[in-house]
Structures are given as structure tokens and as C-alpha cells.
Amino acid sequence: MSRKRVLILGGTGYLGRHVLQGFSEIQETTPCDLAFTHHSSPPPQALLNAFPSVMPFSVDLKSGNGFEAISHQFGPPDVVVNCAALSVPRACEMDPAAAMSVNVPSSPVNWFSSLEESNYLLIHLSTDQVYEGVKSFYKEDDEVVPVNVYGKSKVAAEQFITEKCSNFAILRSSIIFGPQTISPVSKSLPIQWVDGVLSKGNTMEFFHDEFRCPVYVKDVVAIILALSKTWISDAKQRKLLLNVGGPDRVSRVQMAETVADIRGYNLSLIKSVSASSVDRGVMSPADISMDITKLVQTLGISPISFRDGVRLTLEL
């Protein structure tokens with residue numbers, strides 16, 4: 001069997017780097033050629049050093065510039081993992097056109113469709129923010145009623161993929177947390193940020209009335225690898241929509257309290273406030289916890305608890 005090609009869109013982001021590492025670690029059992037795209041700046045040298053056989057490509061997802069180079073130098077991909085997104089809700093609110101043009105993968109899908117050998121699986125990262133947030137434990141077939149531009153752009157992406165792609169897995173992900181990447185990203189990571197604030201003895205406000213199901217990054221990678229391996233081995237038609245969250249519904253206060261409890265910090269540093277007390281410049285859904293029964297039953301993967309994920313993140 002010829003080596004399969006895996007392309008990761010947005011390979012320099014937090015999840016993208018973990019996905020690169022995940023595919024690199026299964027080369028002995030599932031050998032494949034790897035490439036990734038980046039946009040805003042050259043990929044960090046540390047990332048290129050960590051994965052010397054992986055091919056980087058500069059691509060503009062808005063215009064599609066750069067995909068031709070992938071055609072000529074890498075070839076048509078068998079699996080595409082789309083981690084690329086404009087994912088800061090406030091930034092999306094300020095520039096809805098940019099949010100739509102980046103988050104709806106029209107340029108890559110149009111490029112895939114133009115290729116002669118175009119039998120690929122698209123694994124697309126969506127978000128729990130497609131849900132309205134008025135109840136607990138949303139299921140995949142619940143109505144999507146996003147309350148902000150970010151969520152609306154992700155719903156538009158899901159609709160586009162469903163209409164245009166023959167084979168896809170859409171993963172509605174909650175907050176992704178975990179350890180730094182092999183080539184560290186510069187952005188603030190959620191658990192590390194909370195740990196840093198509390199370790200200094202600083203008082204900090206956290207919301208008690210917004211709920212999510214944070215998911216450990218290596219569980220997300222395991223899901224992506226499982227989907228990819230199945231496709232590479234049998235290429236049976238796949239149209240799949242999955243909630244991807246951890247098993248625990250937690251508020252921001254509960255997230256901070258978990259870090260404090262594990263580290264032994266003073267719980268009085270955590271001040272509980274309502275989300276309505278802060279103007280973030282964007283509407284945020286109150287409760288977008290998700291039911292992950294379908295994920296567990298379909299792939300046989302059970303994400304670890306939030307507490308266990310925090311312990312692993314803090315290397316305790």
C-alpha cells in the first residue's frame with residue numbers, strides 16, 4: 001500500500017502542533033507523509049526541527065493562495081485535518097467578514113474538488129459555541145442557535161462541509177486544554193494561566209454561571225488519529241458529526257478551584273462573579289455543556305476527567 005498523505009491546516013496553532021506530534025508518533029504503525037499550512041508568519045524553527053520530515057506550506061485560507069504549491073510538491077491529501085480558525089469570539093465580532101472567510105473552509109474544499117485524485121476525509125474542528133447555551137448537555141441533533149459571530153461562522157462552515165464534501169467528520173470541540181506543545185506556542189493556555197495567577201497569591205474573578213465541558217488535548221488528538229487510521233485502512237464513506245468534550249460540566253470557578261485544590265493554593269483567592277458583570281464585547285452562551293455519548297459509542301474513546309487532565313497538564 002502506498003504511503004498516505006495527511007495535511008494539517010493550521011499546523012502552527014496549539015492543537016495543530018499536538019496533532020503533528022500525534023501523527024509523528026504513529027509512523028511505525030501507520031506510515032504517512034505529513035504536511036501543514038501556516039499563514040501569518042514563518043513557522044518557528046523549533047517546530048521545523050522537531051518534525052524535520054514534515055513539509056510546511058504558506059497558505060492564505062481567505063484567497064486560497066498557496067494550495068497550488070501543495071499540489072505540486074506534496075500531492076493530493078488522503079486526510080485533511082482543519083485546525084485553522086479565527087477562534088477569538090471578540091475578534092470575530094469586530095470583523096465578521098474575516099471570521100466567515102477563514103472559518104468557512106471554502107478555498108481548501110474548492111481546491112480539493114479540483115484535484116483529479118480527490119478521495120479524502122476532511123476532519124474539521126468546529127465548536128460548542130454553535131449551541132445557544134440555554135440548557136445542559138446538548139446532543140448533536142439539538143438545534144444550533146449561535147449567539148455570536150464566531151458561532152455563526154462555525155455553523156456556516158458545518159453547513160458548507162455537509163453540502164460540499166463526500167467524506168467528513170465534524171468535531172464540535174469544547175475548550176481544549178493540556179500541556180505545552182513540543183515547540184511552545186506563545187498564546188496563553190487556560191490551565192497554565194490560572195495556575196500562574198493563583199501561584200502569585202493574586203485574587204482573581206471567575207464566572208460561576210458559564211458552563212463548558214473542557215477536553216484534554218491528547219484526547220482530541222486520539223480522536224483525530226482514530227478517525228484517520230480507520231479512513232486510511234478502509235476508506236468507507238463517512239459523514240460524521242460528534243460532540244468532543246470532556247465528561248465534566250464545569251464553570252470557570254470550578255476550573256480554578258480544581259487547579260487550586262491540586263496545587264494547594266488558597267481557595268479564597270478565587271472570587272465568584274456572574275458573567276453578566278463583565279462586558280467582553282461579545283455575547284457568550286451560558287451553558288454549552290455537551291453530551292458525548294455518541295463519541296464514546298462511535299469511536300470507543302472516553303475522554304479523561306477534567307481533574308485528571310489538570311493533573312497531567314501540571315505534570316503532577
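One is the number of the first residue; the rest follow in order along the sequence.
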With a 4.5 Å cut-off on side-chain heavy atoms, are [Y] and [X] touching?
| X | Y | answer |
| --- | --- | --- |
| Y150 | E93 | no |
| V79 | Y120 | no |
| T258 | V250 | no |
| F36 | L7 | no |
| V215 | I175 | no |
| I70 | T37 | yes |
| Q27 | R3 | yes |

Completion exercise
From the list W193, F306, Y14, ring pair (Phe, Tyr, Trp, His ring centres under 6.0 Å) with F177 holds only for F306
Show me, pair by pair, the donor-acceptor contacts under 3.5 angstrom made by side chains of residues 71-78, not counting sequence neighbours?
unit_1: S71; atom_1: OG; unit_2: F67; atom_2: O; d: 3.4
unit_1: S71; atom_1: OG; unit_2: W111; atom_2: NE1; d: 2.7
unit_1: D78; atom_1: OD2; unit_2: R5; atom_2: N; d: 2.8

Electrostatic pair [X]:[Y] at N-O distance under 4.0 angstrom:
| X | Y | answer |
| --- | --- | --- |
| D142 | K135 | yes |
| D261 | R307 | yes |
| R172 | D128 | no |

Exercise for the section: Supply the members, apart from V155, of the Ile/Leu/Val/Met/Phe/Trp/Tyr cluster built from side-chain contacts under 4.5 Å; use none for a lone residue. Expected result: V130, Y131, V134, Y138, V144, I288, M290
Exercise for the section: Tell me who clusters with V273, hydrophobic residues only, linked when side chains sit under 4.5 Å apart either directly or through other members. Expected result: F207, V278
Side chain to side chain contact (heavy atoms under 4.5 Å, CB included) partner of [X], chosen from [options]:
| X | options | value |
| --- | --- | --- |
| V19 | L125, I8, T181 | I8 |
| E210 | S276, S284, S251 | S284 |
| V6 | T30, L34, I123 | L34 |

Problem - Partners passing side chain to side chain contact (heavy atoms under 4.5 Å, CB included) against D60 (at least two apart in sequence or in another chain) - result: H39, K62, S63, N65
Fill in the blank from the handout: By side chain to side chain contact (heavy atoms under 4.5 Å, CB included), Q237 pairs with (sequence neighbours left out) N167, K239
Side-chain donor-acceptor pairs under 3.5 Å in residues 294-304, sequence neighbours left out?
unit_1: K294; atom_1: NZ; unit_2: L241; atom_2: O; d: 2.9
unit_1: T298; atom_1: OG1; unit_2: K294; atom_2: O; d: 2.7

Practice task
Could you name each residue pair satisfying salt bridge (charged side-chain N to carboxylate O under 4.0 Å, His left out) that touches residues 215-234, not counting sequence neighbours?
Solution key: none
Handout entry: Pairs meeting criterion salt bridge (charged side-chain N to carboxylate O under 4.0 Å, His left out) with involvement of residues 42-56, two or more places apart
Key =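 Passing the test, one end in residues 42-56: no pairs.
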Exercise for the section: Could you list the residues that satisfy salt bridge (Lys or Arg N to Asp or Glu O under 4.0 Å) with E257, not counting sequence neighbours? Expected result: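 Result, salt bridge (Lys or Arg N to Asp or Glu O under 4.0 Å) vs E257: none returned.
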Give every donor-acceptor pair under 3.5 Å between a side-chain atom in residues 199-206 and any protein atom, sequence neighbours left out.
unit_1: S199; atom_1: OG; unit_2: D195; atom_2: O; d: 3.2
unit_1: S199; atom_1: OG; unit_2: G196; atom_2: O; d: 2.9
unit_1: K200; atom_1: NZ; unit_2: G196; atom_2: O; d: 3.4

Practice task
Not counting sequence neighbours, which residues clear side chain to side chain donor-acceptor pair (under 3.5 Å) with E25? List them please.
Solution key: Q21
Using distance only, find each side-chain donor-acceptor pair of residues 182-189 under 3.5 Å and give its atom names and separation, not counting sequence neighbours.
unit_1: S183; atom_1: OG; unit_2: R17; atom_2: NH1; d: 3.1
unit_1: S183; atom_1: OG; unit_2: L47; atom_2: N; d: 3.4

